[in-house]
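Heads up: the structure comes next, in structure tokens.
The model shown is predicted, which means the values in this text are computed figures rather than measured ones. All ligand and atom numbering here is 1-based and tracks the order in the structure.
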Amino acid sequence: MKNDYSMMIDGHAVAGENTPFSVINPATAEALAECPAASLEQLDLAVDAAEKAFITWQKTSHTDRQAMLHKIADKLEEHAAELANIITSEQGKPQALAQMEVGGAVAWTRYTADLEIPVEVIEDSPNKRIELHRKPLGVVGSILPWNWPLMIAVWHIMPALRSGNTIVVKPSSMTPFNTMRLVELINEVVPAGVANIVTGEGGLGRAMSGHKKIRKIVFTGSTPTGQNIMRNAADNLKRLTLELGGNDAAIVLPGTDVKSIAQGVFQTAFLNMGQTCAALKRLYVHESIYDELSQELIAIAQQQTVGDGATPGVTFGPVQNKDQYDLVNELIADAKASGGVVHPSAVVPEGAGYFIAPTIVTNVTDGMRVVDEEQFGPVLPLIKYSDIDDAVARANASENGLGGSVWGADINQAQEIASQLECGTAWINGHAEVLPHAPFGGCKMSGFGVEFGQEGLLEYTVPQLLNINR
Ligand code: NAD
């Protein structure tokens with residue numbers, strides 16, 4: 001991996017004015033490379049460049065912007081191996097999953113390119129025509145997390161550009177390099193100033209959310225940070241899309257064929273080592289099948305090969321950073337101390353990497369930290385229930401409302417229960433599946449606004465009504 005990633009401001013590769021910082025490879029806990037750190041003045045330069053570029057970019061035709069997005073997707077495909085390698089080395093996920101992330105980024109770019117922004121005719125009578133148009137907002141600020149760094153960057157950037165906005169991106173300081181490379185590639189296609197990236201901490205995110213010239217913030221990250229952004233965004237009434245934390249519950253109904261769902265439950269709970277906003281995080285299992293499903297999940301956990309994501313054959317990588325590693329270990333220890341049973345899992349490699357094997361915990365219930373808190377890591381609590389209404393009430397007793405699911409053989413019954421869950425997406429016999437054409441977002445403390453599909457695209461626009469008296 002190269003060691004000279006640059007920020008991009010107004011079409012130029014620039015170094016940071018603040019002291020660079022190390023990005024850690026979570027598989028070794030050693031520094032991977034140094035990342036530039038922007039000053040607040042450099043953030044202003046990036047916003048100014050984006051504001052200037054907006055004057056002409058907003059007037060480019062839909063066809064031109066669609067063509068440019070497809071050209072960007074071509075570039076992502078050309079550089080797929082390089083991007084996947086960067087993702088594994090800074091984020092930790094196994095190569096196959098990193099390749100999937102790049103594939104997703106390409107698919108989302110192409111899908112977003114092809115979306116249309118229609119003009120709605122509200123009235124068309126002899127004396128009057130009323131049309132609802134959608135105009136871009138201006139400069140959009142994107143603030144990113146560290147779990148799916150490339151894919152989420154694409155989720156923010158592509159709809160912003162497609163609808164005629166310009167953008168300033170700030171990736172997580174844990175995983176900046178893949179996004180820097182992405183923005184570099186985008187700059188090979190779009191005019192200078194349309195897509196800018198600044199890296200570092202030092203209040204950059206806070207300054208972005210308070211910035212007078214930024215019209216919208218799209219943020220994916222934790223709920224407390226989302227709340228800070230919302231407070232800070234009030235001065236110029238910034239538009240916000242907040243994709244925040246989740247603590248998704250799943251309910252497994254009595255009579256479910258345990259063998260047929262075990263892999264699906266495991267994969268959606270431990271997707272990306274559990275570091276997925278809409279991963280399955282609390283599993284409510286009917287008492288009649290509790291032991292059987294526990295055994296199946298423990299067996300799948302034991303079959304994983306834990307190690308450096310760059311090593312062929314590894315199916316389970318490290319947790320991305322030391323804080324998250326400590327938190328997950330703390331939650332496991334707390335569950336144990338409160339009477340939970342922590343089951344032996346796959347072998348963890350020796351060394352300084354942040355490895356935690358996929359961990360199934362039984363004999364736990366609501367009120368314990370491992371159930372009530374978002375673990376955002378490789379531990380899954382299994383909670384026994386006997387009454388379905390009670391399970392629904394417990395599932396809904398969380399402040400979060402991102403996703404939820406019901407697993408069972410009777411689809412009608414499952415659907416009826418799923419519709420009672422307080423969450424943005426309720427899956428039946430599945431979980432954590434996001435698709436470019438299906439609007440996705442949370443309710444309650446998991447945020448507001450949606451991404452993806454037509455509805456997601458329109459969040460990057462402001463309506464303007466044309467009322468024409470003929
Ligand atoms: P985080 O909130 O700690 O950081 C996210 C970003 O916010 C980083 O780039 C950080 O530099 C920036 N930031 C920090 N303080 C800020 C401030 N005061 N103002 C503006 N920006 C600030 O989140 P994280 O730890 O990187 O990500 C994990 C969290 O993200 C989890 O809670 C997870 O559920 C959530 N997440 C949600 C979704 C979703 O779609 N709902 C998707 C992925 C992750």
Geometric N/O contact Ile229 with ligand 1, under 3.5 angstrom: no
Check: Ala38 main-chain N/O paired with Asn18 side-chain donor or acceptor under 3.5 Å: yes
Whether Phe219 lies under 4.0 Å from ligand 1, heavy atom: yes
Element-labelled atoms of ligand 1 that are located less than 4.0 Å from some non-hydrogen atom of Phe440: 40 (O)
Atoms of ligand 1, numbered as shown, that sit under 4.0 Å from any heavy atom of Arg206: 19 (N), 20 (C)
Ligand-side contact atoms (ligand 1) for residue partner Ile152, heavy atom cut-off under 4.0 Å: 43 (C)
Atom 38 (C) of ligand 1 [closest protein heavy-atom partner, distance rounded to 0.1 Å]: Cys277 CB, 2.8 Å
Shortest protein heavy-atom distance from atom 28 (C) of ligand 1, along with the residue and atom involved: Phe376 CE2, 3.6 Å
Residue and atom name of the nearest protein heavy atom (relative to atom 1 (P) of ligand 1), distance in Å to one decimal: Ser222 OG, 3.6 Å
Within the 6.0 Å centroid threshold, strictly below: Tyr284 and Tyr385: no
Side-chain donor/acceptor of Trp146 to backbone N/O of Gln91, under 3.5 Å: no
Under 3.5 Å: N/O of Trp146 near N/O of ligand 1: yes
Contact with ligand 1 for Ser172, non-hydrogen, under 4.0 angstrom: yes
Sole residue of Thr179, Asn25, Asn178 in side-chain hydrogen bond (donor to acceptor under 3.5 Å, both in side chains) with Glu90: Asn178
Donor-acceptor contact present, side-chain Thr88 to main-chain Lys93, <3.5 Å: yes
Nearest-neighbour protein heavy atom for atom 14 (C) of ligand 1, which is reported as residue plus atom name and distance: Thr225 CG2, 3.7 Å
Check: Leu45 and Asn196 side chains under 4.5 Å, non-hydrogen atoms: no
N or O contact, Glu201 vs ligand 1, cut-off under 3.5 Å: yes
Glu101 side-chain N/O to Leu150 backbone N/O, donor-acceptor pair under 3.5 Å: yes
Atom 21 (N) of ligand 1 within contact range, any protein heavy atom under 4.0 Å: yes
Backbone or side-chain N or O of Leu244 under 3.5 Å from ligand 1 N or O: yes
Shortest protein contact, atom 35 (C) of ligand 1 (heavy atom only): Gly221 O, 3.1 Å
Any donor-acceptor N/O pair, Lys170 side chain to Leu43 backbone, under 3.5 Å: no
Side chain Thr315, main chain Thr305, donor-acceptor under 3.5 Å: yes
Test of proximity, Lys170 against ligand 1: N or O pairs below 3.5 Å: yes
Numbered atoms of ligand 1 (with element) below 4.0 Å of Leu402, judged on heavy atoms: 41 (N)
Close-contact set for ligand 1 against Ile143 heavy atoms, below 4.0 Å: 6 (C), 7 (O), 9 (O), 12 (C), 20 (C), 21 (N)
Residue Gly205 vicinity, atoms of ligand 1 by number, heavy atom under 4.0 Å: 19 (N), 20 (C), 21 (N)
Electrostatic pair Asp114-Arg110, nearest N-O below 4.0 angstrom: no
Pairwise side-chain contact, Leu182 with Ile157, heavy-atom cut-off 4.5 Å (strictly under): yes
Contact (N/O only, under 3.5 Å) between Leu144 and ligand 1: yes
Donor-acceptor pair, side chain of Asn272 and main chain of Asn147, under 3.5 angstrom: yes
Closest approach of any protein heavy atom to atom 27 (O) of ligand 1, naming residue and atom: Pro145 CB, 3.5 Å
Side-chain (Ser209) to main-chain (Ile229) donor-acceptor, under 3.5 angstrom: no
Leu204 contact mode with ligand 1 (heavy-atom cut-off under 4.0 Å): neither
Geometric class of the Phe440/Phe452 ring pair [parallel <30°, tilted 30-60°, perpendicular >60°]: parallel
Nearest-contact summary for atom 44 (C) of ligand 1 - protein heavy atom, Å: Asn147 ND2, 3.4 Å
Check: Glu374 N/O within less than 3.5 Å of ligand 1 N/O: yes
